[in-house]
Undergrad: 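Quick one: the structure is below, questions incoming.
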There are 2 protein chains.
Amino acid sequence: MKKITIGEAARQSGVKVPTIRYYEGIGLLSAPSRSEGNQRSYEPSDLNRLAFIRHARELGFEIEAIRTLLQLQDDPHQPCASADAIAKARLIEVEQRIRSLNALKAELELMVEGCGHGRVDQCRVIEVLADHGKCAHPHH
Amino acid sequence: MKKITIGEAARQSGVKVPTIRYYEGIGLLSAPSRSEGNQRSYEPSDLNRLAFIRHARELGFEIEAIRTLLQLQDDPHQPCASADAIAKARLIEVEQRIRSLNALKAELELMVEGCGHGRVDQCRVIEVLADHGKCAHPHH
DNA sequence: TCTTGCACCTCTAGTCGCTAGAGGATGTAG
DNA sequence: CTACATCCTCTAGCGACTAGAGGTGCAAGA
């Protein structure tokens with residue numbers, strides 16, 4: 001149960017020091033106790049919360065979504081419908097993003113393949129950018 | 001060859017009015033001539049440039065990359081190696097992004113499937129977030 | 001004990017690519 | 001002439017940090 005400095009918490013959680021302070025500032029993390037010299041001193045249990053946030057951020061959840069998820073975690077007797085809804089919404093976002101990135105990928109591949117490595121006036125990269133009609137799938 | 005107001009340019013190019021002014025402000029678009037009453041008045045040829053920018057933005061190119069691409073377009077005798085390099089770099093970015101989003105998608109699907117729609121203390125969504133080790137592929 | 005040097009503190013400002021709003025001028029249709 | 005839409009400039013805000021200035025705390029070596 002020994003206390004941890006912010007630097008140690010950063011190392012163990014993988015969340016950077018200024019980011020931890022930022023999370024505290026926006027109320028995502030409650031303010032820890034302080035040492036005599038006014039330095040933040042964390043409980044080991046704070047690391048769980050930090051890991052939770054980090055993981056959720058890696059999965060692309062927005063801060064406000066994470067705020068809700070943390071509140072749910074704090075009150076385990078609530079129904080988990082909201083958590084489910086947040087995750088489902090995120091899944092749909094990700095699926096859409098993948099679809100649109102796949103379209104972009106196809107477009108970029110055509111551009112790059114079509115580049116004859118000559119001069120700009122024969123370059124398909126520039127040409128396609130200048131004329132959307134030359135896209136393979138012009139509906140992006 | 002008749003002149004066009006900013007609103008009309010916005011309608012025809014699909015770039016919003018404040019965004020056109022913003023592009024002018026950061027020097028992506030050269031300042032157009034003005035009417036007697038100080039209102040911007042565009043040439044039809046400005047619409048091409050606007051369309052180019054819009055298309056490049058849709059493909060996810062950053063403003064600085066677009067700035068370079070526009071310079072290349074303005075000087076068609078240059079070799080197109082830079083354009084090619086920019087497009088290739090963007091392609092690699094997109095491919096990486098797709099890979100990482102596919103990993104996220106798998107993760108989110110597991111979370112959502114595993115949610116028994118009961119209470120938070122049995123919810124896989126919360127559980128997985130709290131413990132990265134429960135991920136299917138913990139290397140994100 | 002002193003000093004070195006890193007880690008910590010707060011605060012402000014910057015990043016990117018816009019977007020929103022205030023407060024006022026211009027242009028056009030009836 | 002009067003509405004009303006559109007235009008103008010300017011500043012501030014968004015999300016999620018990141019960077020830097022200017023100062024304090026703390027542990028270890030000489």
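Both backbone and side-chain heavy atoms feed into the values below; hydrogens, waters and symmetry mates do not. Treat the numbers as computed from the prediction; the structure is a model and nothing was measured. So that the names make sense, note that chain A is the first sequence line, chain B the second, and so on, each numbered from 1.
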Undergrad: Are B:I98 and A:L108 joined in one hydrophobic group, where the rule is that I, L, V, M, F, W and Y side chains link up if heavy atoms are under 4.5 Å apart?
TA: yes

Undergrad: Using a cut-off of less than 4.0 Å, is there contact between a side-chain N or O of B:Y22 and OP1 or OP2 of C:dC16?
TA: no

Undergrad: Scan B:I26 against the nucleic acid and name what it touches under 4.0 Å (heavy atoms): base, sugar-phosphate only, or nothing.
TA: nothing

Undergrad: Would you please confirm or rule out a distance under 4.0 Å between OP1 or OP2 of C:dT26 and any side-chain N or O of B:S35?
TA: no

Undergrad: Counting only side-chain heavy atoms from C-beta out, which of D:dA16, C:dG17, C:dT10 sits nearest to A:R34?
TA: C:dT10

Undergrad: With respect to the phosphate group of C:dC18, does any side-chain polar atom (N or O) of B:K16 fall under 4.0 Å of OP1 or OP2?
TA: no

Undergrad: Which nucleotide sits closest to the side chain of B:R40: D:dC17, D:dC8, C:dC8?
TA: D:dC8

Undergrad: Output yes when at least one side-chain N/O atom of A:T5 is less than 4.0 Å from OP1 or OP2 of C:dA7, else no.
TA: no

Undergrad: Side chain of B:Y23, heavy atoms from C-beta onward: which of C:dT19, C:dC9, C:dC18 has the nearest atom to it?
TA: C:dC18

Undergrad: At 4.0 Å (heavy atoms only), tell me whether A:R11 reaches a base, stays on the sugar-phosphate, or touches nothing.
TA: nothing

Undergrad: Is A:R21 touching bases, backbone alone, or none of the nucleic acid, heavy atoms closer than 4.0 Å?
TA: base

Undergrad: Any side-chain to backbone donor/acceptor pair from A:D46 onto A:E43? Under 3.5 Å, distance only.
TA: yes

Undergrad: Using a 4.0 Å heavy-atom cut-off, does B:F61 contact any base of the nucleic acid, only the sugar-phosphate backbone, or nothing at all?
TA: nothing

